[in-house]
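Down below is the structure, laid out as structure tokens.
Just so we're clear, the structure is a prediction, and the values are computed from it rather than from any experiment. Residue numbers begin at 1 in each chain, while the letters A, B, ... track the order of the sequences.
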Amino acid sequence: MTEEELKQIKPTVTVDARGTYCPGPLMELIKEIRQQPVGSIIELISGDAGSAKDVPEWLNKVKQEFLGVIPGDGFWRIFAKKVRDM
Amino acid sequence: MSEKLAVIIASEEYEKSHVAAMIASVAAVSGVEVSIFVTMNAVYNFLKVNVEKKNFDGGKIYEQIKEKKAAMFYEMFDQAKMLGGLKIYVCSMVMDLLKIEQEDLIDIVDDNLGLAAFLGIMEGAETITF
């Protein structure tokens, strides 16, 4: 998705993981994605530069969908969609 | 990557337990079956008495972890156990040497194991040593 498209997204839930260190943001996302029903969109806000690369890698590994990332000022907004049960 | 990961922690250096916990927890939540073997001086990091007092042997990064209040290695292991498949075993030889009982170890420790048993777990697993 383009950044413009991502900005239009209304996430089901937003997880603000700023203030946690790697792999904290990824773990916060995992906790949330497990609880949400299939079809949910989860927005993860991370202050860790690694998350923008880490999260898509993990989503790919567990076969969930990575929608994209919007870089902010010192943080990243990462969008994921739960497409199957886990 | 192999679907089994074995991590051996032998050093008491705090940072080594920390990086082991980071790698192990991400692997565990990615569907990898993770087994941790705590042996030699690393056993001191898993003693209740040392964890309660944060009595660890660490360097510059450990100082930063404390200052920034980042998650400690045992908190990461605890979370990984809740979210994925991860088991922690302590070397029975070291427990015997130091006269340590299971209740002296923090609760995230599953069991104690001898080497033959851990070698069985390591079979076909990717292994990392700290």
Within 6.0 angstrom of [X] [atom1], more than 12 heavy atoms from elsewhere:
| X | atom1 | value |
| --- | --- | --- |
| B:Glu123 | CD | no |
| B:Lys48 | NZ | yes |
| A:Lys81 | NZ | no |
| B:Tyr44 | OH | no |
| B:Met40 | CE | no |
| A:Lys53 | NZ | no |

B:Val26 versus A:Pro23, closest heavy-atom pair with distance: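 Taking B:Val26 first and A:Pro23 second, the nearest heavy atoms are CG2-CB, 3.5 Å.
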
Under 4.5 Å from a heavy atom of chain A, the part of B:Ala71 involved: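 Neither part.
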
Which atoms of B:Lys69 come close to chain A, meaning under 4.5 Å heavy atom to heavy atom: side chain ones, backbone ones, both, or neither?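 Nothing of B:Lys69, per the 4.5 Å heavy-atom cut-off to chain A.
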
Should A:Ile45 and A:Phe66 be counted in the same cluster of Ile, Leu, Val, Met, Phe, Trp and Tyr side chains packed under 4.5 Å apart?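 Different clusters.
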
To the closest 0.5 Å, what do you measure between [atom1] ([X]) and [atom2] ([Y])?
| X | Y | atom1 | atom2 | value |
| --- | --- | --- | --- | --- |
| B:Glu75 | A:Met27 | CD | CE | 12.0 Å |
| A:Leu26 | B:Leu83 | CG | CG | 10.0 Å |
| A:Ile30 | B:Ser30 | CD1 | OG | 6.0 Å |

Less than 4.5 Å apart, any side-chain heavy atom of A:Trp58 and any of B:Val29?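 Yes; the side chains approach each other to less than 4.5 Å.
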
Side chains of B:Gln79 and A:Lys31: does their closest heavy-atom pair fall under 4.5 Å?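 Yes, close enough: below the 4.5 Å cut-off.
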
Most chain A-contacting option - heavy-atom pairs closer than 4.5 Å, from B:Lys68, B:Met76, B:Met82: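 Counting heavy-atom pairs under 4.5 Å, the top option is B:Lys68.
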
